[in-house]
Each structure stands twice: as C-alpha cells, then as structure tokens.
Amino acid sequence: MSDTDGAAENRGQWSSRWGFILAAAGGAVGLGNIWKFPYITGENGGGYFVLIYLLFILLIGLPIMVAEVLVGRSTQKSPVGAFKSLSSPGSLWAVPGWLGVLTGFIILSYYSVVAGWALHYTWFSMTQGFAGMNADEIGNAFSTLFADGDANIRWHLIFMVLTIGVILGGIQKGVERAARILMPILLVMLLVLLGLAITSDGFGQALEFVFKPDFSKVTAAGVLEALGHSFFTLSLGMGAMITYGSYLKKKEDLVAASGMITILDTVIALVACLVLFPITFTFGLEPQAGPGLVFINLPIAFSQLAGGVFWSTLFFALLVLAALTSAISLLEVVVSTFIDEFKMSRLKATLLCGGTITLFGLPSALSGSPESYFGSGFKEHSAFLFEGETGKNWFDTFDHLASNWFLPIGGLLIALFVAWRVGDKAREEAFTTGSRFARWYGLWLQLLRYVVPVGVIAVILYKIGLI
Ligand code: TRP
C-alpha cells in the first residue's frame with residue numbers, strides 16, 4: 001500500500017482533483033470577494049486599484065498559493081506537521097505553523113459575526129423585505145443590527161453551528177460535498193444577478209469605473225491595501241492551502257489546480273463588482289459607501305426593484321453560502337492540526353476547537369454595542385496597538401492583527417521556507433510531478449525567492465512607518 005492510500009485512511013482525501021479545486025475555491029471565495037473587494041474598490045476609486053490588485057494576485061498570490069499546496073501535498077500534513085517534516089525535528093519552523101492555527105482561530109471568530117449579518121439579512125429579506133423602506137430607514141436598520149448584541153450573538157451561534165456541522169462530516173462527506181453543492185449554486189446565483197445588472201442603466205458607467213484605470217487616483221495606502229487583500233481573498237498566509245493540499249493525491253497537477261483556484265476567486269470578485277456597481281450607479285448611490293456598500297446600498301436598490309424580495313433573498317443567501325465554505329476552510333486548519341498533533345478524533349477536535357472559537361467570537365458579536373465593554377471600554381485598552389490613533393473595539397482590533405499582521409508575516413515565512421529552506425531537488429520534483437506546467441518552475445522560484453519577500457517586507461516596513 002502506498003503512503004498516499006495510508007493517508008487516505010487516517011486523514012481523509014479528496015475524491016478527485018475537482019473535489020479539491022471546488023473545496024479550495026469555496027474556501028477562497030467568501031466575504032472577502034463579495035463584501036470586501038467591491039467596497040475597497042469603491043473607496044479607492046476603481047480601475048487602477050483593480051489593476052494593481054490583479055498584478056499582486058499574479059506575482060505574489062499565485063506563487064504563494066503554489067508553495068502552500070506543494071507543501072501540503074508533499075507532506076500530507078496540516079501546517080504544523082508539514083513545516084516540521086520538511087525541516088528538522090524540534091526546528092523553529094513549527095512556529096509559522098502554529099501562527100497559522102492561531103490566525104485561523106482569530107479570523108473565524110469575527111468572520112462568523114459578519115456572516116451572521118448576512119444570515120440576518122437573508123432572514124429579513126424573506127420575512128419582511130425592504131419594499132417601502134426609504135434610504136434612511138435602510139441605513140438605520142444596519143446600524144441597529146450592528147449595535148444589537150443579542151441579535152449578533154444569536155446569528156453568530158447559528159453560523160458557528162452550521163460550520164461545525166460540516167466539519168464533523170469530515171473531508172469527503174463534509175467539506176467536499178458542501179463545496180460540490182454550494183459552489184455551483186453560488187456561481188449560478190451570481191450569474192443571474194449579473195444578468196440583472198447588465199440590463200440596468202448604470203452598467204456602462206460601472207464597467208468604466210471597474211476597468212478604466214485612472215492613475216491620478218493612485219495612493220500608497222491603496223496599493224498596500226490591494227496587497228493585503230490579495231492574501232485575504234486567496235486564503236493565503238495561514239496554511240489553509242497547506243491543509244487542503246494535504247488531502248490531495250500525490251499524482252495531481254498542483255500547478256494547474258492552484259491556477260484554477262486563483263482564476264475562480266478573481267473572476268468571482270470581479271463579477272461581484274459588476275453586480276454591485278451597476279446597481280449603485282443606477283440608483284444614484286455612492287461607490288465609496290464603505291462596509292455598508294453591500295448591507296445598505298444594495299437593499300436600497302432592492303427596495304425599489306420589481307421582485308425586490310426575490311433578488312435580495314437570493315443575494316444574501318449567496319453571501320451566507322460563500323461565507324460558509326470559507327468558514328469551513330478556516331475551521332478545518334485548526335481541527336486538522338489538533339487531529340494530527342494531538343492524535344484526537346475528528347469529533348473531539350471539532351467540538352473542542354469549534355466550541356472555543358465560538359466563545360472567542362462572543363466579544364466580536366458585542367463589539368458594535370455601545371453598552372458593551374468590548375464595544376467601548378476595550379478601546380482604551382487596545383490603544384497601545386494603534387499608534388497615534390484611538391483604540392479600536394475588540395472586533396476591529398483582532399481583524400487588524402490577523403489580516404494586517406499575521407497573514408502577511410505567515411505568507412512571507414511560507415515563501416521563505418519553500419524558496420530557501422526546502423531542498424532544491426525535493427522542491428523541483430514536487431512542482432513538476434504530474435504537472436503540465438513543469439517549464440514554469442524557474443520563473444515560479446524566482447518570484448518566490450525575490451518578488452514575494454521584497455513586496456511583503458515593503459508593506460510591513462510601511463506599516464511600521466519606516467518607509
Ligand atoms: N478568503 C476568504 C474570503 O475571501 C476568507 C478566508 C478563508 C481566509 N480562509 C482563509 C482568509 C484563510 C485568510 C486565510 O472571504
């Protein structure tokens with residue numbers, strides 16, 4: 001029996017390459033694509049931001065994606081074990097693995113709260129709908145939800161239970177099946193909404209906004225935000241792709257699979273823009289609406305649209321599905337590490353990790369509430385983290401730490417590890433085995449060795465204020 005089969009017995013394995021691609025793409029496509037990307041594109045003035053983001057995806061994101069999947073597939077282990085087995089026992093390289101587990105733990109705890117808003121909006125769309133509400137009322141509805149601790153906790157708990165349920169099912173029965181069903185539904189829903197957007201008056205203006213670069217709008221902060229988001233959206237920097245790669249059979253073409261995941265993720269982010277901005281322009285709303293772009297602008301449009309109840313239910317259900325497949329990928333990293341490192345059963349690891357993350361998310365659910373310590377008092381205690389600013393609430397503090405610090409540092413360490421620490425022969429063999437893209441090996445290695453570290457370190461120096 002080959003060791004691949006052995007791994008399949010103990011840890012689970014994808015049933016096919018497409019099972020892997022759909023699950024990994026499902027993990028990558030999430031709130032980052034549909035909620036965050038459109039609003040940061042809006043805030044940064046459109047075209048040039050999209051262009052720079054695409055460059056980062058290609059030059060930094062894709063090489064790291066290949067590196068993560070490669071580490072996972074060749075070790076068939078979750079991040080901690082993978083780093084250990086490619087270096088030496090007791091080596092410090094286990095630290096980036098644990099950093100990834102911590103990052104997944106933190107991100108899921110607040111991601112679930114935003115997913116909870118999407119659940120609330122789906123429920124609200126179905127039971128009441130936005131018809132008859134004016135723009136102010138819709139804006140207030142969002143602020144009210146944001147400040148309502150009880151509602152946030154309720155939706156957070158429901159969403160975590162859903163996520164935990166899928167992970168309990170294991171790899172093929174849980175994660176892969178969820179992705180096989182949810183990803184195609186998501187694609188179809190998005191295309192239906194795109195059809196609606198294409199026929200709206202604002203479509204031409206939206207196309208120009210998203211694709212015509214206006215270089216007078218370039219800002220340093222925008223360039224750096226594009227870099228950070230390219231990590232977040234592709235789920236890089238914390239070992240999610242190492243974990244998913246570890247369930248991949250050794251003969252599969254990992255370069256082709258990584259390319260496919262990157263393309264799916266990017267196309268869906270662009271389509272999300274082409275759904276949101278035509279509607280925004282058609283109704284004369286602002287593209288710079290910030291985080292409320294999805295939760296305020298869209299409902300305003302829906303309130304005036306024929307069939308608004310149907311469209312808003314469809315859209316927010318889609319957001320929930322996208323968030324669910326991503327949340328699954330976050331929890332799977334943590335759970336698989338506990339299974340591998342502490343020899344726990346999947347059941348025990350899932351309940352323990354899922355339960356702890358749920359508890360850790362409660363302060364995030366309370367962060368919008370002015371009466372809660374986590375919304376107000378905590379700001380004083382987190383101020384030391386934000387030089388020259390006042391502090392942030394619990395939710396924003398942990399979001400800031402995880403996405404702005406831990407992911408880029410994690411991604412940098414993974415790139416350095418694969419580019420400089422893993423042996424030349426093993427690396428080349430892992431890249432080229434079964435791959436139709438073997439001739440890209442040299443280019444990939446150069447990107448990973450030089451372009452990725454320089455790019456990421458530049459961001460970190462900028463954040464520290466050194467450049
Ligand atoms: N990529 C997902 C999104 O765009 C979020 C996500 C899932 C993620 N798994 C991750 C982000 C791992 C960073 C690391 O919404």
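Everything numeric in this text was worked out from a predicted model, so none of it was measured. In each ligand, atom 1 is the first atom listed, and ligand 1 is the first ligand listed.
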Compute the ring centroids of [X] and [Y], then answer whether they are less than 6.0 Å apart.
X      : Y      : value
Trp14  : Tyr244 : yes
Trp311 : Phe315 : no
Phe281 : Phe209 : yes
Phe159 : Trp117 : no
Phe316 : Phe124 : no
Phe398 : Tyr110 : no

>> Less than 3.5 Å apart, any donor N or O on the side chain of Ser367 or Asp396 sitting next to an acceptor on the other?
In response: no
> Ser125 and Ser312: side-chain donor and acceptor closer than 3.5 Å?
Replying inline: yes
> Do Glu341 and Lys84 meet the salt-bridge criterion of a basic N to acidic O distance under 4.0 Å?
Replying inline: yes
> Can we say Glu332 and Arg346 salt-bridge, meaning some charged N sits less than 4.0 Å from an Asp/Glu carboxylate O?
Replying inline: yes
Does any N or O atom in [X] lie less than 3.5 angstrom from one in ligand 1, N or O only?
X      : answer
Phe231 : no
Leu330 : no
Ile107 : no

Quick one: look up the protein heavy atom nearest [atom] and list residue, atom name and how far away it is.
atom                    : result
atom 2 (C) of ligand 1  : Ala28 O, 3.4 Å
atom 9 (N) of ligand 1  : Ser329 OG, 3.1 Å
atom 15 (O) of ligand 1 : Tyr111 OH, 2.5 Å
atom 6 (C) of ligand 1  : Ser235 OG, 3.5 Å
atom 11 (C) of ligand 1 : Phe232 O, 3.3 Å

Under a 4.0 angstrom heavy-atom cut-off, which atoms of ligand 1 come close to [X]?
X      : answer
Leu31  : 15 (O)
Asn33  : 4 (O)
Ser326 : 2 (C), 7 (C)
Met238 : 12 (C), 14 (C)
Thr233 : 1 (N), 4 (O)
Gly30  : 3 (C), 4 (O), 15 (O)
Gly27  : 1 (N), 2 (C), 7 (C)
Leu407 : 13 (C), 14 (C)

> Under a 4.0 Å heavy-atom limit, does Val29 contact ligand 1 with its side chain, its backbone, both, or neither?
Replying inline: neither
> With under 30° as parallel and over 60° as perpendicular, where do the rings of Tyr111 and Phe232 fit, or are they tilted in between?
Replying inline: tilted
